[in-house]
A.B. asks: 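Quick one: the structure is below, questions incoming.
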Amino acid sequence: MSNIAGRVREVFRGDQRVDADALIARLDAVRRFLTAVDGLLPDADLVPAHTLVERAGTRLALSRDHTVVALAGATGSGKSSLFNALAQLELSPVGVRRPTTGVTHACVWGPLEGANHLLDWIGVLPRHRFVRESALDADDETALHGLILLDLPDFDSVQRSHRLEVDRLLGLVDQVVWVVDPQKYADRVIHDSYLREFHRHREVTLVVLNQADRLPPAEVPRVLDDLRRLLDTDGLTGVPLLATTAIDPAGMVGLRNALERTVAERQAALRRLAGDVDTVVAGLDELVGSARPAGGPDDTAVNGLNRALAGAAGVPAVTEAVERAYRHRAGAATGWPVVRGWRRLRPDPLRRLHLPGPTGDQADPAESLVAATSVPDPTAAQRSALGLAIRAVADRAAADLPAAWPGAVTSAARSRLGDLPDALDRTIAGTDLGLDRRPLWWRFVGGVQWLVTLAAVVGLGWLVLGYALRALGLPALDNPMVGQVPLPTVLLLGGLLAGLLVAALTRPVVRWAARRARARADQRLTARVAQVGDEYVLTPVRIVLSSYAQARDALRDAARR
Ligand SMILES: Nc1nc2c(ncn2[C@@H]2O[C@H](COP(=O)(O)OP(=O)(O)O)[C@@H](O)[C@H]2O)c(=O)[nH]1
Ligand SMILES: [Mg+2]
C-alpha cells in the first residue's frame, strides 16, 4: 500500500497549478474566437467551443469550494460499493437505500448550501443527494469537506439512456475516478471509448483497480503494471493508479488520501476546465491553422476585377458616347453658323444614355436611387467575366487559408453581388464626365465664326442693296475697293471662305480634344467603378480576412497555458 501511495505522491508533485485568472483569460479568448468566426465557419464545428464557454462560465460562477468527483466504470466494477464505503452510508442515521443502477447518486461532505446549486446544475435529483455530516463522524471527515462524490450509472449499461447520462455527467464533473476490476480492466470499451478520450484531462483523472482482494497479493503489482501499460497507450501516462478493496476499510486508504488531497487543493475544477480548453483548442486548430494571410487579394486580381466591373458597368459605351458627345457639342459651338442649327436637331449622344446633357445638368438625386442611366445592361459574357473576376479575387485572398475559410471568403466576395448593378449604374450616373464646362476656345472659335458670318451677311446685304438701287434707277452706292475687288464682295466671299476655313481647321482639333475627353472620362469612371468594387467586393473580403486573423490570434491566446 505504502508503495502505491508513494507512486501517487510522485505523480501529484508533477501537477501544475491552474491559475483561475489565467483560465478565465483563456476562456475569454475562446469567446473572442467564437465572435470572430460567427457566421463564417460551420456551426457544427463550433459546438464544442460554445458548450465549453457556457459550461465553464456556469461552473466558475457556482461554488469553487466544492469539488465534484465521479466514480465511473463498468457494471460490477464496484462503483457503488466504493461510494458506500467512502460515504459510510450503512452507518449513516439517514438509513438510505442502496443506490440503484441507472440513477446518479451524490454524497456531499460538509454543508449542503452551495453544493445544492452545483447539484441542480449537474442534474442530480434532490432525493438522490446525501449529506455526510453526521454526529457520529466527529472530526475525521473534515478532510473531505467540500467533496461531492457521484456514483454514476454503468457506462456499459444495455440501456442507452444510462450511457447518455454517463457521457453528460463526464462532461460536467471536476474529476473522474475510473473504477476497473481485475477481470475487466483490459476491456476495449473503457479504453477506446472513455480513457483515451480523456487524455487531455490527465490532471483530473484517477484510476483504481478495485476488488484487489480477489487477486493473490503477489499478482497485484503485475496487474497494476499491465494496467499502467494500457493507460500509457491511452495517452494517460502518469495518472495516479491505485489498488482498492471496497469491502475492507484498509483497502480504501489510498483512495481516501487521494480524494483528501484533491479537495484540499481546490484545483480539480480549474484543471478540468483547463483540460476542456486544451481539447477544444486542439479540435479547432485544424480549422484555423497558423497561416498569416495577406491583407487582401493581390494587385493582379484587383485589376482584373476592376476591368470586369468597368465592362459590366458599360464604361466603354459611356466613354465612346463621351467622345461623340464632345464632337457633337464642339461642333454645335464652333461649327459654321449656317449649319449649326441643323446639328442641334440631332440628339446628344450622352443624353441618349440619360447621362448629364449639354447643359451639364446632373442626374436627379432622387432618381439616382434607382437605375439612373440607360447604359446597356451587361451582356452574358460580361456577367460571367465579372463572376470569374470576383472568384479570382476570393481565391487569391484565401490562398493561404486553411480549408474551412476559402468558402467564407468566396461568399463574402459575392455577398453584395445583387447590389452591384444598381451601385455601378448610380456611380456612372454620378460621375463628372468632364463635359460640363464649355472650353474657352470653343467660344473663341464660335465668336470668330459669328464675326466672319456677320461680315458675309453685311457684304451680301450691301451687294443686294446696291443691285436694288441700280434696278430702281437711283444713284448707285459708292463701293470702296480692296485692290481690284469691291469691299462688299470681299466681305461676302471672304466671310464665307473664312467660315469654311475655320471649320475645316477646327475639325482635327475637335477630334483630338474629343479623344482626350474620352480618355479623361475613362480614367474617372474607372476610378469610381474601382471604388464600388472596393466597397462591394473587396471590403467584405477584407472583413473575413481580418476575422480570420482575429480568430487565429484568439485561438493562440486560448492555447497558452
Ligand atoms: N471482493 C470484493 N467484492 C467487491 C468489491 N467491490 C465490489 N464488490 C462486489 O462486486 C459486486 C458489484 O459491486 P457494485 O458496487 O454494485 O458495482 P457497480 O456496478 O460498479 O456499482 C457486488 O456484489 C459487490 O459486493 C471489492 O473490492 N472486493
Ligand atoms: Mg452501481
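Every number for a ligand or one of its atoms is a count from 1 in the order of the listing. Numbers for residues simply follow the sequence, beginning at 1.
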A.B. asks: Is a side-chain N or O of H199 found less than 3.5 angstrom from the main chain of R196, in a donor-acceptor match?
C.D. replies: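 Such a contact is found between H199 side chain and R196 backbone.
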A.B. asks: Taking both backbone and side-chain atoms into account, decide whether S80 has an N/O/S atom under 2.8 Å from the Mg ion (ligand 2).
C.D. replies: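 Checking the Mg ion (ligand 2) against S80, an N, O or S atom does fall under 2.8 Å.
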A.B. asks: Check this for me - ligand 1, G78, N or O atoms closer than 3.5 angstrom, yes or no?
C.D. replies: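 Such a contact does occur with ligand 1.
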A.B. asks: Hey, is the main chain of L71 close enough, under 3.5 Å, to the side chain of K79 for a donor-acceptor pair?
C.D. replies: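 The answer is no, because no donor-acceptor pair under 3.5 Å joins these two groups.
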A.B. asks: Would the distance check show the side chain of R59 and the main-chain N or O of L118 forming a donor-acceptor pair, the cut-off being under 3.5 Å?
C.D. replies: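 No, the answer is negative, given that no donor and acceptor are paired below the 3.5 Å cut-off.
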A.B. asks: Examine T245 against ligand 1 and note whether any of their N/O atoms are separated by less than 3.5 Å.
C.D. replies: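 Among all N and O atoms of T245, none is under 3.5 Å from an N or O of ligand 1.
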A.B. asks: I'd like to know if R202 and D234 make a salt bridge, using a cut-off of under 4.0 Å between side-chain N and carboxylate O.
C.D. replies: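 No, R202 and D234 are not salt-bridged.
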A.B. asks: Taking NZ, NE, NH1 and NH2 as the nitrogens, is one of them in D534 or R542 under 4.0 Å from a carboxylate oxygen of the other?
C.D. replies: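 A salt bridge is present here (some side-chain N lies under 4.0 Å from a carboxylate O).
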A.B. asks: Of all the atoms in ligand 1, which lie at a distance below 4.0 Å from a heavy atom belonging to A74?
C.D. replies: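 Reading through ligand 1 atom by atom, the close ones are 20 (O).
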A.B. asks: Suppose I only count heavy atoms of D213 and a 4.0 Å limit; which atoms of ligand 1 are within that range?
C.D. replies: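 Selected atoms, number and element: 1 (N), 2 (C), 26 (C), 27 (O), 28 (N).
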A.B. asks: When only distance counts, is R214 in polar contact with ligand 1, meaning an N/O pair under 3.5 Å?
C.D. replies: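 Looking only at distances, the answer is yes, because the N/O contact criterion of under 3.5 Å is met.
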A.B. asks: Is it the case that ligand 1 has an N or O less than 3.5 angstrom from some N or O of D151?
C.D. replies: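 In fact, backbone or side chain, D151 has no N or O that close.
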A.B. asks: Do D167 and Y194 have side-chain atoms, one donor and one acceptor, less than 3.5 Å apart?
C.D. replies: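 Per modelled atom types, D167 and Y194 side chains form a pair under 3.5 Å.
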A.B. asks: Output the list of atoms in ligand 1 that are nearer than 4.0 Å to some heavy atom of A246, sorted by atom number.
C.D. replies: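 Numbered from 1, ligand 1 contributes 6 (N), 26 (C), 27 (O).
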A.B. asks: Can you see whether S77 engages D181 through a side-chain donor-acceptor pair at a distance of less than 3.5 angstrom?
C.D. replies: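 S77 vs D181: no donor-acceptor pair found between side chains.
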A.B. asks: Does at least one non-hydrogen atom of G76 fall below 4.0 angstrom from an atom of ligand 1?
C.D. replies: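 For ligand 1, residue contact (heavy atoms, under 4.0 Å) with G76 is present.
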A.B. asks: Give the numbers and elements of all ligand 1 atoms closer than 4.0 Å to a heavy atom of D154.
C.D. replies: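 So the answer, numbered in order with elements, is 19 (O).
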A.B. asks: Show the atoms of ligand 1 that are less than 4.0 angstrom away from any heavy atom in T75.
C.D. replies: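 Those qualifying, in numeric order: 19 (O).
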A.B. asks: Under 4.0 Å between a Lys/Arg side-chain N and an Asp/Glu carboxylate O for R31 and D28?
C.D. replies: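 Yes, R31 and D28 are salt-bridged.
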